[in-house]
Amino acid sequence: MQIILHASASEISAADWSSLDHHDDPFMSGAFLIIAEKVGAADTALGWQAQHLALYDETAPDGEKLLGLLPLYLRTHSFGDFSHDWHWAAAWQNAGLAYYPKLVTGVPFTPSPGPRLLVRTGVARALIVQALIHAAIDLAKTQQVSSWQCLFVEEPDCEALKAAGLLIRQGVQFHWINKNYAHFDDFLVGFTADKRKKLKRERRAVHESGLRLSVLHGDEIDAALWRVIHRQYRDTFARYGNHPAFPLEFFIEASAQLARQLLVFVAFDGEQLVASAICYRDATTLYGRHWGTEVDVPGLHFELCYYQGIDYCIQHGLQRFEPGAQGEHKLARGFEPVPTHSAYWIANPGMQRAVENFLARETEAMEDYALETAGHLPFKNKTAS
C-alpha cells in the first residue's frame with residue numbers, strides 16, 4: 001500500500017471518486033469538493049489547504065488502485081469548519097503552544113454529519129479505515145500540527161476513531177424524522193392542538209400573500225436565475241455582517257454537476273423570484289443550507305426553509321431533513337434534537353488531558369440539553385426518535 005497526499009480534489013480521477021462508497025452524500029462527492037476548491041469556497045487563500053490522504057494498492061490493475069480516501073485540509077484558522085474550538089486557541093497560547101495550523105477532515109462551510117473515511121466499494125472496510133486513521137495521525141505528527149479534527153462523523157467512523165485513541169466530542173442538531181407520513185397533515189396529527197393551529201396559521205399567511213411557491217432542481221436553474229438566488233444568499237450574510245463563502249460560480253457549476261441533488265425552494269411574486277432556500281439531497285436525506293429574501297412576508301422563512309422541505313421529503317420518500325446547525329426555533333416545527341459526533345487527535349499530551357476533561361463535562365451538558373429541548377417538541381408525545 002502507498003499513501004499519496006493530493007493538493008486538490010481534482011487530482012483524483014472521476015473514476016476513482018465514483019469507486020468510493022460515500023453513501024451518495026452530496027458533500028463528500030468529488031464534484032462538490034472539486035468545485036469548492038476551484039472557485040474559491042475552499043482554496044488556500046481562505047485557509048483551506050487541501051492535503052487529501054489517499055491509500056493506493058500499487059499491485060492492483062489500473063483503475064482499481066485507490067483503496068480509500070480521507071479528505072484533509074491544513075487550516076490556519078477555524079472560520080467555516082464549525083469546529084467550535086475558538087477558545088481552544090487561547091488555551092494553547094496560555095500554555096505557550098501554537099494552536100494553528102491544524103488538520104481538519106470535514107466539508108468546507110458545511111456542518112452536515114456524513115461519511116469521512118471513504119473506502120472503495122467492495123473492499124474490506126475495517127482494514128482500510130484503520131490504515132487511513134493511522135496515516136492521518138502520522139501526517140499530523142510529521143507536520144507538527146496541534147491536532148487532527150475529524151468533524152461531524154457518522155457512527156461507524158466514530159467508533160473506529162475512538163478505538164484509535166481519538167477523543168469524541170458530542171454536539172446537538174435538530175433534524176426532522178419521517179415516520180412514514182403519507183402527507184403533511186398526517187405529520188401534523190401528532191402535534192398538540194395549539195401548536196398545530198400556530199403552524200397552520202404561519203403557512204396560511206404565506207399562501208394568502210399571493211406568492212407562488214415552487215421547487216427547482218439544479219438542472220432546471222439557468223445562470224440568470226442563479227444570479228438572483230445568489231444575490232439573496234449573499235444579502236443574508238451581509239445583513240448579519242458575515243462573509244458569503246460560496247461565489248456565484250460555485251452554484252452555477254454545482255447545479256450542472258450535481259443536477260437533481262441540488263434543489264432550491266423558491267417564491268415568485270408574479271414572474272419575479274423574491275425568495276429562495278438552497279438545499280441538497282441524497283437518496284435518504286434532504287439538507288437545508290442557505291436562505292435569502294427580497295420581501296418581508298410573515299412566515300416565509302419557515303415556509304421555504306422548513307415546511308416546503310418537509311413536504312418534499314414526504315412526497316419523495318426521504319427519511320430525514322437536516323436543516324443545518326443550531327436553531328431552537330426548529331423544535332416548534334417538529335425538528336428533534338439528535339446527537340452529532342466529532343473526533344480529535346491532540347498532539348500535546350498535557351493539552352490532550354485538558355481537552356479530555358473539558359469534553360467529559362461538555363458531553364454531560366449536551367446530553368442534558370438534548371433532554372431539555374426534547375421537552376419543547378410540539379408533539380402530544382414529546383419523546384424524540
Side-chain angles (χ1 to χ4, degrees), residues 25-28 32 80 82 84 106-114 151-152 154 171-179 181 184 187-188 190-191 195 198-199 202-203 206 213-218 229 232-233 236-237 239-240 242 244-246 251 254 258 261-267 275-293 299-341 369-370 373-374 376-379 384-385:
D25 185 290
F27 309 118
M28 275 286 115
F32 186 96
F82 294 89
H84 299 291
V107 184
F109 302 98
T110 308
S112 177
L151 303 176
F152 300 103
E154 293 180 328
V172 173
Q173 290 184 359
F174 301 101
H175 297 173
W176 179 83
I177 312 298
N178 190 349
K179 299 168 185 173
Y181 300 117
F184 196 93
F187 161 57
L188 293 183
F191 278 45
K195 297 294 186 181
K198 182 179 179 180
L199 192 152
E202 285 180 345
R203 299 203 78 184
V206 175
L213 307 181
S214 184
V215 57
L216 299 173
H217 292 84
I229 297 169
Q232 294 165 1
Y233 153 78
T236 298
F237 277 81
R239 192 175 304 122
Y240 294 99
N242 293 324
F246 294 96
F251 292 108
L258 296 175
Q261 281 195 288
L262 174 58
L263 58 149
V264 186
F265 297 105
V266 292
S276 54
I278 302 171
C279 298
Y280 298 81
R281 64 159 292 181
D282 56 31
T284 63
T285 307
L286 179 69
Y287 306 90
R289 294 269 68 88
H290 313 292
W291 140 267
T293 183
L300 183 58
H301 171 260
F302 301 129
E303 180 66 35
L304 283 191
C305 294
Y306 306 133
Y307 305 145
Q308 289 290 307
I310 291 172
D311 243 338
Y312 183 93
C313 288
I314 294 172
Q315 292 174 21
H316 292 81
L318 304 186
Q319 298 305 304
R320 184 179 293 261
F321 180 13
E322 299 181 9
Q326 303 174 335
E328 293 178 1
H329 58 277
K330 298 167 186 171
L331 288 163
R333 280 86 197 171
F335 290 80
E336 306 177 13
V338 299
T340 63
H341 301 93
Y369 175 70
T373 53
H376 296 281
L377 288 167
F379 308 126
S385 297

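Scope of the values below: all heavy atoms of this structure, side chains included, with no hydrogens, waters or symmetry mates.
- In terms of modelled atom types and a separation under 3.5 Å, the side chain of Asn178 and the main chain of Leu318 share a donor-acceptor contact.
- A donor-acceptor pair is defined here as one N or O able to donate and one able to accept, closer than 3.5 Å; no such pair exists between the side chain of Glu336 and the backbone of His175.
- Residue Phe27 holds its CZ atom at 5.0 Å from OG of Ser112, rounded to the nearest 0.5 Å.
- The CG atom of Leu258 sits 12.5 Å away from the CZ atom of Arg281 when rounded to the nearest 0.5 Å.
- Taking CZ from Arg203 and CG from Leu188, the interatomic distance works out to 8.0 Å, rounded to the nearest 0.5 Å.
- With contacts defined as side-chain heavy-atom distances shorter than 4.5 Å, the pair Tyr181/Ile310 does not qualify.
- Of the inter-residue distances, the one linking Glu303 atom CD with Asp311 atom CG reads 8.0 Å to the nearest 0.5 angstrom.
- In plain terms, the two heavy atoms of Ser276 and Gln232 that are nearest each other are OG-OE1, 2.7 Å.
- The only option from Tyr307, Phe321, Phe174, Phe187 that meets the ring-ring contact (aromatic ring centres under 6.0 Å, His included) definition with Phe335 turns out to be Phe321.
- Side chain of Gln173 to main chain of Pro111: a donor-acceptor pair is present (N/O by atom type, distance under 3.5 Å, no hydrogens or angles).
- The two residues Pro339 and His341 make their nearest non-hydrogen contact at CB-CE1, 4.0 Å.
- For Phe82 against Thr110, the heavy-atom pair with the smallest separation is CE1-N, 3.9 Å.
- Between Tyr233 and Pro244 the shortest side-chain heavy-atom distance falls below 4.5 Å.
- Heavy atoms only, all atoms of each residue included: Leu262 and Cys279 are closest at CD1-O, 3.2 Å.
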| request: Given side-chain contact (heavy atoms from CB on, under 4.5 Å), test Tyr306 with Leu199 step by step and report yes or no. | output: CA-CA 11 Å; Tyr306 306 133; Leu199 192 152; over 6 Å; no

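- Smallest separation of non-hydrogen atoms from Phe246 and Pro108: CZ-O, 3.7 Å.
- Contact of the Glu322 side chain with the Thr285 side chain is registered, since non-hydrogen atoms from C-beta on lie closer than 4.5 Å.
- The closest side-chain heavy-atom distance from Val206 to Leu304 is not below 4.5 Å.
- Note that the NE2 atom of His376 and the CD atom of Glu328 stand 8.0 Å from one another [nearest 0.5 Å].
- Contact annotation: the side chain of Thr236 never approaches that of Asn242 to less than 4.5 Å [non-hydrogen atoms, C-beta and beyond].
- Side chains of Phe302 and His329 form a contact here, defined as non-hydrogen atoms less than 4.5 Å apart.
- Taking the six-membered ring for Trp and the full ring otherwise, Phe109 and His290 have centroids separated by 6.0 Å or more.
- Interatomic distance, CZ of Arg320 versus OG1 of Thr284, reported as 8.5 Å (0.5 Å rounding).
- Minimum interatomic distance between Pro26 and Tyr280 (heavy atoms only, all atoms of both residues): CG-CB, 3.9 Å.
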